[in-house]
Amino acid sequence: MPIKRSLSDRITDGINLFLLLLLSLVMLFPFYYITAVSFSSFQEFMNTDLLLFPKRWVLDAYRFIFESKEFIRSIGVTVFITIVGSIVSLLLTSTMAFALIRKLWGQRFYLFLVLFTFIFGAGMIPTYLVVKATGLIDSYWSLIIPDAISAFNLIVMRQFFLSIPEELHEAAVIDGANDLQIYTRVILPLSKPALAAFGLFYAVGQWNTYFTAILYLNDPTKWTVQVILRQIVILDDTTNTLASAAREAARSAHLPPPETIQMAAIILATIPILIVYPFLQKHFAKGVMLGSVKG
Amino acid sequence: MKTKQIVTLLAAVCLVTGLAGCGGSNNNTGNNTANSNSTQTTTDSSNTSTNTTDTAANTATNNTTDNQATTTPDKKLEISSIQGTWASPLPDPNGNGAKMINDKFNVDLKSQFVPYDEYANKLPVVMAAGDLPDMIGMEGVDANFVKWAKQGAFLPLNDYIDKYDAIKSIPKSVWDAVTVDGKIYAIPNYFPAKYGKKPIIRKDWLDNLGLSMPTTYDELKKVAIAFAKNDPDKNGKNDTLGLGLAKSIVYGAWMGAEWDSGWYNKNDKGQLIPGNISEGFKKQVTLLRDLYKEGAISKDWAVTKSADARKDFFAGKTGIYYEQPYDISETRFKQLKETNPTAELAVIPPFTQDDGQQGFIGLPGYYELHSLNANLKDDPDKINRILEMINYFMTFIPVDQRNDQNPEFDWQHGGVGKGYNMENGVALDIDGAFSEMPETYLGVRYWAPTDEDTQPAMVLQDPFTKSFVQSAVDLLKNTKTYLDPVNRVHSDLLYAKVSELDQAVSEHTTKMIVGQESVDDWDKMVQEYLSKGGQDIIDQVNQLLTDSGIQGEWK
Amino acid sequence: MAVTTPTSVEASKTANIKAKSQGRSLATRLYRERYGFLLLIPGLVYFIWFRYVPMLGNIIAFEDYSPFRGFLHSDWVGFKHFARIFEDAEVIRVIGNTLWLSFLQIVFAFPIPIVLALMLNEVRNQRLKRLIQSVVYLPHFLSWVVVIGIVTIFLKTEGIVNKGLGLAFGMDSIQFLQQPGWFMPLIVLEVIWKEAGWGTIIFLAALAGVNPTLYEAAIVDGASRWRQIWHITLPAIRGTIIILLILRLGSVLDSGFTQIFLMLNPFTMDVGNVLDTFVYFKGIQQSDFSFGTAVGLFKGVVGLVLIVGVNRFAKKFGEEGVF
């Protein structure tokens, strides 16, 4: 923008940028710490209180994980369900969100129906029975379909659709378009930022699939990366209050692997989904609607 | 296939939506089938099958095969199982070990393994869906086990177990734990009562400071304070702690049954009471308070995870912590020895109690158990085949015979070079080779005639770990172990309330240790415990103990 | 409902869009909206089958549910489990803590992503903007177990923060994790640290829809940066903010169990015990399905009342609301 900027403007910019960079450092730090631990030797980790600068960077932890067939395979499974799951979720959510701005017969009732599920959940057992009755047990679809639409995402996406000027729908109707066509020709092209954002939400949700995999898939070869990760990073402290003396003793042979490996597992399980973000970012750029909306 | 799906679908709809009709008729069919075919002596008449298809299947098999039939090893039986595991990675359900079992026992084993983290969630779901397998593994006896046993989910085993030598050798103290209303509902898995976590001490630190092994709480206090203040590792820095303590007081400073949290002490009415409200435990708390005041335990102990307290010990920063001689991994011990080459470890012998006894509280004597599905009651072939397999894997092989020369051991471990390797005459499991070993799939341990027979030092390679374990075993051999009788009875009040009450006690004691509350308020805390339901628990537990004639015993 | 006869095809279609009831019979209306329903029905079927049918299972809140006996044959106990929530006088303080924490979260943690999004929106260098954006959303991917592990290392008595304070100001060590006064601030700060960057995504997406010509016009009119933010940027995301706020109120009694559970210790129990942890200590840990369901229903009723109330309030002020 070639408009001349005042001094106070520049100062504001400077302060803004400074604060953001400071914040970035604060947020990056733990990741750096985890990375440092994952590349250090177990011996050094054991004897250092806060390990920030390993004397020697070693790959042992990563080697250990990559030797496990399960890890690699589970990444494959998870990539698959993440892609398919996000597409299915986006499709179902956006169609329904669109239908709910069209003021169909009974629309307030449908909205309330959705909102109600946001507040009142269903238990694990009845949900399992329904999933089973649907014939999804032991199928990858059990990780995708039962959580396909998030009521939260649906409600917020509908809000996004509402902010698209109504004149655009009208114009399309005048051109003879039906609701289906308005959805594909007007709403979808104008909602790229929203689709990117909710696509990311769904993708990250799928990527973190953990409990449903254990619940619905009896065959461990189908399990997702988070299940494998959790087996490496055993969370012995969340269950500590229940730990009986017998369990403490019996688990001794299966102690969680060294922290260096746990940290490496966290890094490896996070990187693939981190890579997605930069690709979606461009859709958040300003002025997507430029050209379709004038004035 | 299609019809089966529709049936399950309908069943689910019934279950979920509550069409009363299908549930009722389902029950009747179940009972009728049971009655007309039953030749069993003890069956709970409330045993009902929840799933239409299951009942149908039972009827079919019962019609075609003779109920009284002698075991027909020729007939291939499909046997399903579900169990929790700590193993990582999980065994492959179709691994080589499973195939070997299939061939040997003429079965078709369908195993399902679930990480223990989520097993408590998965099992009820499988049960609710009517998919309960033939064999059900559980970690221990808890409220759910007792409830489900009472409701008829599991098969009573009293009439079967006498036929099997290894199973028969399980001691009564352990059978009691899996017995509900006189019926045995599970086959427990061996775990030595003696070899739980024990207090261990840096012997080299004692020597460095010219101190002797503590034998009383006063001496322990002096030692722990000296460990923190007198530079026991001679590195010239003030960087050591006396005793490792973690949040919730996971391990405290119990040096014998009297001061531990098990049910050992009695109140003035002669009733057995839980350890954490006893005078003995108060003594322990008093000690910890003094140590905290003197800086001999970490200032942050109340927010320290036990994993971190352990890390500090094995990094050589702590003088006293807890370890066990059985079933351990050598990694951390090796680590300690590498960074502290002079390190020597020893178990602190239990202190002499006021009543003259001297010994630690033992573990329940088992860990994990297998129940059989109550629906098997009309299928003695299957029951016997399962028990035969369990018995086989439970049959003890002396430690010195666990090598490639012993055909049973060799087979159970998948063969030399596949499931295990021989090193220095000792068989060592190959890392991650669970799926090669038939032993994995039943999840049964050898039942050792005595705890000493497990010879835990024999299987270790690292000399430092080995010598520690051997010294611990030697010490414990001549030390008595108290068997907590409460492990052997089932009090519903205890199951329902105790964790909440213990939580409150743990809060008070934590505050006492750091000085936010006075130890003089101990009795007030006990009163609170008793009035909030603790006394009811004590009454019920003592009643149950009297009724069944079970007592705490030293062994 | 006024009955009017449309005069032309165009008018009828316009009417259709505005969905004013034209008094036609229901069948005609449904036929006219058939494509809309075509888009609605897959989602609707999903909600009914995967959300409402399982919801019927919530009757176990009134039973002593045993998965072995099933929904129909478990013992009926009425309101026993609800009574259990309130049997302990402690519950009053616990609910107070829960509401206080929710209040703090809404006042402090909720606006941060909005501010952050606005700040990011003002960065002119696109590459830098993207870089910062990618960094601030990283912490979201760490689990609470890892985050609190790191927080503990930093804040312990001899941790880096205390050492720094000691060097810089000669202060005595502060036991951050054990002093009740620090509990709530730490919880809120942790949430901000972990989720603020992630929370910006939704607002950045909303801001992407703002027409750049509006800014150009404002600059021509000589409007300052602050005025532009106030008059153009904020109104563009106002709808989203209100919706998110209403939805947030629906879960005032939820507090993020894992985080609180891991941060709690006997010293902070009085100020930090919230409903989720309270019921956990009371019995959910024994996989007591009925009790857990009863608690869920209780929280849901409170959430529903709040959402419906606030929604009505928002509509009074001319906002769209959730439904």
Side-chain angles (χ1 to χ4, degrees), chain A residues 3 9 12 16 20 23-24 27-28 30-31 50 92 95-96 98-99 102-105 108 111-115 117-123 125-127 130 146 148-149 152 155-156 159 162-163 169-170 173 178-180 183 193-194 197 235 242 270 277-278 281 284 286-290 293, chain C residues 10 13-14 17 19 29-30 33 35-37 39-40 42-44 46-47 50-51 53-55 57-58 67 119 122-123 130 132-136 138-139 141-142 145-146 150 153 160 197 201-202 204-205 208-209 211-212 219 225 239-240 243 247 250 285 289 293 296 300 303-304 320 322-323:
Chain A
I3 297 167
D9 222 19
T12 317
N16 184 32
L20 282 172
L23 205 66
S24 304
M27 301 211 164
L28 197 59
F31 250 86
L50 180 67
L92 283 171
T95 48
M96 190 169 182
F98 169 71
R102 295 302 291 158
K103 303 196 168 71
L104 303 172
W105 177 79
R108 231 181 145 218
L111 264 172
F112 186 78
L113 215 63
V114 171
L115 184 70
T117 68
F118 175 73
I119 301 166
F120 290 98
I125 290 178
T127 309
V130 168
I149 307 182
F152 176 87
I155 291 167
V156 182
Q159 174 63 31
L162 279 173
S163 68
H169 309 191
E170 283 177 38
V173 171
N178 62 35
D179 279 349
L180 214 56
Y183 168 73
L235 308 173
L242 322 173
T270 317
Y277 191 53
Q281 258 180 342
F284 299 144
K286 283 184 199 171
V288 209
M289 275 203 237
L290 187 68
V293 200
Chain C
E10 278 74 26
K13 278 177 180 161
T14 320
I17 297 147
R29 177 166 177 190
L30 289 180
E33 295 171 345
Y35 288 108
F37 275 99
L39 292 168
L40 177 74
L44 211 53
Y46 165 83
F47 273 100
F50 283 107
R51 306 276 170 160
V53 174
M55 217 185 276
N58 283 344
M119 284 167 80
E122 294 299 315
V123 175
R130 283 189 189 182
I132 297 173
Q133 228 170 294
S134 312
V135 169
V136 294
L138 280 179
F141 291 93
L142 296 178
V145 179
V146 174
I150 295 173
I153 294 178
I160 191 167
I201 291 175
I202 225 165
L204 288 171
N211 189 345
I219 292 167
R225 283 284 272 287
T240 311
I243 291 276
L247 291 178
Q285 43 180 330
F289 296 105
T293 308
L304 185 69
E320 183 63 34
V322 176
F323 68 100

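What you see is a predicted model; the values in this text were computed from it and never measured. The chains referred to below are lettered A, B, ... by the order of the sequence lines, with proteins before strands, and numbering in each begins at 1.
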Q: Could you pull out all residues at least two apart from A/Ala197 that satisfy side-chain contact (heavy atoms from CB on, under 4.5 Å)?
A: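 A/Ala197: side-chain contact (heavy atoms from CB on, under 4.5 Å) contacts with A/Phe284, C/Ile201, C/Ala205.
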
Q: Hey, does the side chain of C/Gln133 reach the backbone of A/Gln281 with a donor-acceptor pair shorter than 3.5 angstrom?
A: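 No, the answer is negative, given that no donor and acceptor are paired below the 3.5 Å cut-off.
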
Q: For chain C, find which of A/Thr270, A/Leu113, A/Ile155, A/Leu23 contributes the most heavy-atom pairs closer than 4.5 angstrom.
A: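 Looking at each of A/Thr270, A/Leu113, A/Ile155, A/Leu23 in turn, A/Leu113 comes out on top.
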
Q: For each of A/Val156, A/Ile125, A/Leu162, tally heavy-atom pairs with chain C at distances under 4.5 Å, and name the one with the top tally.
A: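 Maximum pair count with chain C is reached by A/Ile125.
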
Q: Please rank A/Ala194, A/Pro146, A/Ala99 by heavy-atom pairs under 4.5 Å with chain C and give me the top one.
A: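 Heavy-atom pairs under 4.5 Å are most numerous for A/Pro146.
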
Q: Under a 4.5 Å heavy-atom cutoff, which of A/Thr12, A/Leu28, A/Thr95 has the most pairs with chain C?
A: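 Most heavy-atom pairs within the cutoff with chain C belong to A/Thr95.
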
Q: In terms of heavy-atom pairs under 4.5 Å with chain A, which of C/Leu247, C/Val322, C/Ile243 leads?
A: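 Counting heavy-atom pairs under 4.5 Å, the top option is C/Leu247.
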
Q: Give, as side chain, backbone, both or neither, the part of C/Leu30 having an atom under 4.5 angstrom from any heavy atom of chain A.
A: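 The side chain, not the backbone.
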
Q: Taking every heavy-atom pair that is under 4.5 Å apart, which of A/Phe31, A/Phe98, A/Phe152, A/Tyr183 has the most such pairs with chain C?
A: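 When all of A/Phe31, A/Phe98, A/Phe152, A/Tyr183 are compared, A/Phe31 has the most.
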
Q: By a 4.5 Å heavy-atom criterion (distance strictly below it), what part of A/Phe118 contacts chain C: side chain, backbone, both, or neither?
A: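 A/Phe118 touches chain C through side-chain heavy atoms alone.
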
Q: Only counting residues at least two apart or in another chain, list the ones meeting side chain to side chain donor-acceptor pair (under 3.5 Å) with C/Tyr46.
A: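 Once residues adjacent in sequence are excluded, the partners of C/Tyr46 under the side chain to side chain donor-acceptor pair (under 3.5 Å) criterion are C/Arg51.
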
Q: Report the option among C/Pro139, C/Gly303, C/Pro42 that has the most heavy-atom pairs separated by less than 4.5 Å from atoms of chain A.
A: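 When all of C/Pro139, C/Gly303, C/Pro42 are compared, C/Pro139 has the most.
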
Q: Is any side-chain heavy atom of C/Met119 closer than 4.5 Å to one of A/Leu20?
A: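 Answer yes - side chains close enough.
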
Q: Does a side-chain N-to-carboxylate-O contact under 4.0 Å join C/Glu122 and C/Arg225?
A: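 Judged by the 4.0 Å cut-off on N to carboxylate O distance, C/Glu122 and C/Arg225 do form a salt bridge.
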
Q: Determine, stepwise, if the pair A/Val114 / A/Met96 fulfils side-chain contact (heavy atoms from CB on, under 4.5 Å).
A: CA-CA 10 Å; A/Val114 171; A/Met96 190 169 182; 3.7 Å; yes

Q: For A/Lys103 and C/Glu33, run side-chain contact (heavy atoms from CB on, under 4.5 Å): C-alpha distance rounded to whole Å, both residues' side-chain angles, the deciding distance at 0.1 Å, then the answer.
A: CA-CA 9 Å; A/Lys103 303 196 168 71; C/Glu33 295 171 345; over 6 Å; no

Q: Heavy-atom pairs under 4.5 Å with chain A are the metric here; pick the option from C/Val136, C/Leu204, C/Thr293 that has the most.
A: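 Of the options given, most contacts go to C/Val136.
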
